[in-house]
Visitor: 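Mind having a look at this structure? Questions to follow.
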Amino acid sequence: MFIKGKKKEENQEVWRWWEEEKRDDGVKWKYLEHKGPVFAPDYEKLPSSVKFYYDGQEMKLSEKAEEVAGFYARMLDHDYTSKSVFNNNFFKDWRKTMTSKEKETITDLSKCNFKYMHAYFLEKSEERKNMTKEEKKKIKEKNDEIMEEYGYCTIDGHKERIGNFKIEPPGLFRGRGEHPKMGMLKLRVMPEDVIINCSKDSNIPKPPEGHRWKEVRHDQSVTWLASWTENVQGQNKYVMLNPSSKLKGEKDWQKYEIARKLAKSIDKIRAEYREDWKSKEMRIRQRAVALYFIDKLALRAGNEKDEDQADTVGCCSLRVEHLALHEEKDGKQYVVVFDFLGKDSIRYYNEVPVEKRVFKNLQLFMENKSPGDDLFDRLNTGILNKHLNELMEGLTAKVFRTFNASFTLQAQLNELTDPDVSIPEKILQYNRANRAVAILCNHQRSVPKTHAKSMENLMKKIEAKKEQVKDAERQYKDAKKHARGSQKESIVAEKKKKALERLREQLAKLEVQATDKDENKEIALGTSKLNYLDPRISVAWCKKNGVPIEKIYNKTQREKFRWAIDMAGPDYVF
DNA sequence: CGACCGACTTGTTGGTATTGGA
DNA sequence: TCCAATACCAACAAGTCGGTCG
């Protein structure tokens with residue numbers, strides 16, 4: 001894991017850490033130095049012209065109460081403010097910030113008039129939009145300065161980007177789905193809340209003037225530079241390195257190597273869990289069926305969740321109410337219909353024909369149970385992962401998702417890529433392969449609001465282009481007629497021909513674009529590309545097919561996958 | 001065990017920068 | 001050159017998984 005010998009000069013040599021000797025002793029770094037996190041800007045009081053009314057009466061809020069009211073006012077035209085859970089949580093926490101006098105007066109959220117505050121914030125954001133170029137440039141320069149100062153750290157002799165060096169500002173908690181804590185106040189984080197992690201012999205970051213850190217520690221077994229506990233869920237938040245860093249890149253690489261290892265033993269593992277469907281022991285049958293779902297459907301493991309979080313499930317936490325069994329459905333036998341909310345409360349709906357044995361097992365698991373009971377009552381993620389680790393070192397439930405995603409991409413690329421087509425068409429083929437993975441992983445998105453309209457615009461453009469092509473064809477034909485014998489006219493004809501070709505290319509490109517857009521309207525490709533697809537597959541595909549890597553990965557992604565871009569040749573296979 | 005928690009990855013959202021066509 | 005659509009990226013929520021403790 002560490003560089004052998006002396007430091008290398010950053011500017012003169014690329015840091016090809018994937019060629020360095022590795023060590024795995026639980027120590028994540030030897031030397032770490034940074035400037036500490038950047039805190040949210042202090043609260044700026046509203047101008048006195050921005051009024052707040054309670055029950056028709058103008059009221060001057062204390063600074064604290066005003067700040068929190070502002071968080072709500074900003075969200076006035078958001079769906080959240082129409083939810084009673086959100087409103088109740090907000091109101092309860094808001095009242096905690098009020099003076100005793102305010103508390104006495106303000107007892108009903110519905111009597112609060114935030115409209116003027118809301119209008120003020122809108123106005124502010126409008127102002128920001130209408131700033132002159134110079135003003136915008138100035139702000140950007142300021143941000144760049146902060147970035148330069150606080151956005152990097154030194155780790156084992158190298159300067160690396162930090163991912164999130166800014167502490168989260170205060171605001172209202174926005175949970176996803178039906179989160180019981182939505183609307184609660186996220187408190188302002190102070191230096192006194194923050195733990196710093198760095199080398200003992202480094203320049204220890206200085207807390208802001210007049211403050212001190214909660215703690216400074218020197219723990220080499222973790223990768224974070226700073227941490228604090230967020231008050232709404234009581235969870236730890238961390239300042240960590242950017243994905244382009246060695247630390248993250250190496251971990252990512254490792255992840256894909258484990259997935260490749262699974263590829264080698266997958267046949268054996270599948271044979272084994274199929275055998276386990278017949279086991280005498282209920283817990284083993286449940287484990288085997290759950291594993292089958294994880295493997296075949298790329299379900300997440302499904303840890304148990306607390307009451308005070310949104311009710312979502314994964315494989316191990318599926319309940320009887322989340323699936324329906326059909327001996328026969330739409331001409332298919334033994335169909336299981338899954339319908340549940342997964343991570344981020346995204347709906348998973350799938351009708352899957354399964355082996356008879358699985359079907360019979362499911363009937364058994366569901367016997368004498370209520371809809372709210374666990375499907376796999378003898379199983380949890382701990383048990384499952386322990387078993388998986390016995391099958392293969394490093395194997396856990398999520399490795400199946402990585403493996404199946406990368407495997408599918410490789411297979412789809414092999415199947416879909418036509419070496420004889422243009423680059424835009426090849427990119428379409430790549431996107432189709434990517435899309436197959438996104439569907440497998442259930443990476444959905446809602447159809448963008450502008451989709452229908454922008455599709456319509458595109459079709460219009462295509463029609464117009466078709467006309468132009470026809471026109472150019474006519475012109476070329478004419479020019480060809482006149483061209484006989486005449487040198488000058490031949491040149492004209494040649495030009496017309498070129499123009500026609502260009503137009504045809506443009507048309508083809510538009511048509512490709514239209515297909516791609518429509519096929520993609522309700523599927524998000526980004527998540528799988530970033531987290532599940534071995535980048536070496538894509539890199540190899542680009543190299544083999546003469547597609548520039550920039551067409552597949554943008555700048556950030558290229559930085560994150562630098563290791564793969566360097567490592568993989570055209571013949572790499574997953 | 002099982003509850004809890006620390007550390008890290010995976011996921012969506014939404015604001016901002018960039019692009020490309022009128 | 002302007003404006004809307006799109007691409008990008010930061011922010012931060014929500015998972016996974018291993019370890020510890022009673």
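Every heavy atom of this structure was used, including side-chain atoms; hydrogens, water molecules and symmetry mates were not. Predicted model only: the values in this text are computed from it and were never measured. The chains referred to below are lettered A, B, ... by the order of the sequence lines, with proteins before strands, and numbering in each begins at 1.
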Visitor: Within the 4.0 Å heavy-atom criterion, would you say A:G175 contacts the bases, only the backbone, or no part of the nucleic acid?
Guide: sugar-phosphate
Visitor: Considering every strand and a 4.0 Å limit on heavy-atom distances, what is the contact class for A:R378: base, sugar-phosphate, or nothing?
Guide: nothing
Visitor: Hey, does A:K386 reach any base, or is it just sugar-phosphate, or nothing, if we go heavy atoms under 4.0 Å?
Guide: nothing
Visitor: According to a strict under-4.0 Å criterion, is A:T223 in side-chain N/O contact with OP1 or OP2 of B:dC8?
Guide: yes
Visitor: Taking the nucleotide of DNA chain B with the nearest heavy atom to each, does A:S528 or A:R217 sit closer to the 5' end?
Guide: A:R217
Visitor: Against A:E148, only a single residue in A:R161, A:K159, A:K142 fulfils salt bridge (charged side-chain N to carboxylate O under 4.0 Å, His left out); can you say which?
Guide: A:K159
Visitor: Please work out if A:A310 contacts a base, only the sugar-phosphate, or nothing of the nucleic acid, heavy-atom cut-off 4.0 Å.
Guide: nothing
Visitor: When rounded to the nearest 0.5 angstrom, what is the spacing between CG in A:N404 and CG in A:L440?
Guide: 6.0 Å
Visitor: Under 4.0 Å between any heavy atoms, over every strand shown, what does A:N554 touch: base, sugar-phosphate, or nothing? Just pick one.
Guide: sugar-phosphate
Visitor: For atom OH of A:Y150, is the number of surrounding heavy atoms from other residues, nucleotides or ligands below 6.0 Å larger than 12?
Guide: no
Visitor: When you measure only distances, ignoring hydrogens and angles, does the side chain of A:K398 come within 3.5 Å of the base of B:dT9 through a donor and an acceptor?
Guide: no
Visitor: Indicate, with a heavy-atom threshold strictly under 4.0 Å, whether A:T312 touches base, sugar-phosphate, or nothing.
Guide: sugar-phosphate
Visitor: It should be established whether A:N385 places a side-chain nitrogen or oxygen under 4.0 Å from OP1 or OP2 of nucleotide C:dC17.
Guide: yes
Visitor: Tell me what A:K186 touches on the nucleic acid: a base, only sugar-phosphate, or nothing, going by heavy atoms under 4.0 Å.
Guide: sugar-phosphate
Visitor: Please work out if A:Q309 contacts a base, only the sugar-phosphate, or nothing of the nucleic acid, heavy-atom cut-off 4.0 Å.
Guide: nothing
Visitor: For this output row, return yes or no: ring centroids of A:F338 and A:Y349 closer than 6.0 angstrom.
Guide: no
Visitor: Categorize A:G234 for me: base, sugar-phosphate, or nothing, with a 4.0 angstrom heavy-atom threshold over every strand shown.
Guide: nothing
Visitor: Using OP1 and OP2 only, check whether a side-chain N or O of A:K28 sits under 4.0 Å from B:dA7.
Guide: no
Visitor: Within the 4.0 Å heavy-atom criterion, would you say A:G382 contacts the bases, only the backbone, or no part of the nucleic acid?
Guide: nothing
Visitor: Which part of the nucleic acid, if any, lies within reach of A:R300 when heavy atoms closer than 4.0 Å are counted: base, sugar-phosphate only, or nothing?
Guide: sugar-phosphate
Visitor: In whole angstroms, how far is the C1' atom of B:dC8 from the CG atom of A:N242?
Guide: 15 Å
Visitor: Determine the contact category for A:T381: base if any of its heavy atoms lies under 4.0 Å from a base atom, sugar-phosphate if only primed atoms, P, OP1 or OP2 are that close, otherwise nothing.
Guide: nothing
Visitor: If you check every side-chain atom of A:A397, which of C:dC17, B:dA7, B:dT10 has the closest atom?
Guide: C:dC17
Visitor: To the side chain of A:N531, which of B:dT9, C:dT16, B:dT10 is closest?
Guide: B:dT10
Visitor: For A:P169, answer base if it contacts any base atom (sugar-phosphate contacts may also be present), sugar-phosphate if it contacts only those atoms, and nothing otherwise; contact means non-hydrogen atoms under 4.0 Å.
Guide: sugar-phosphate
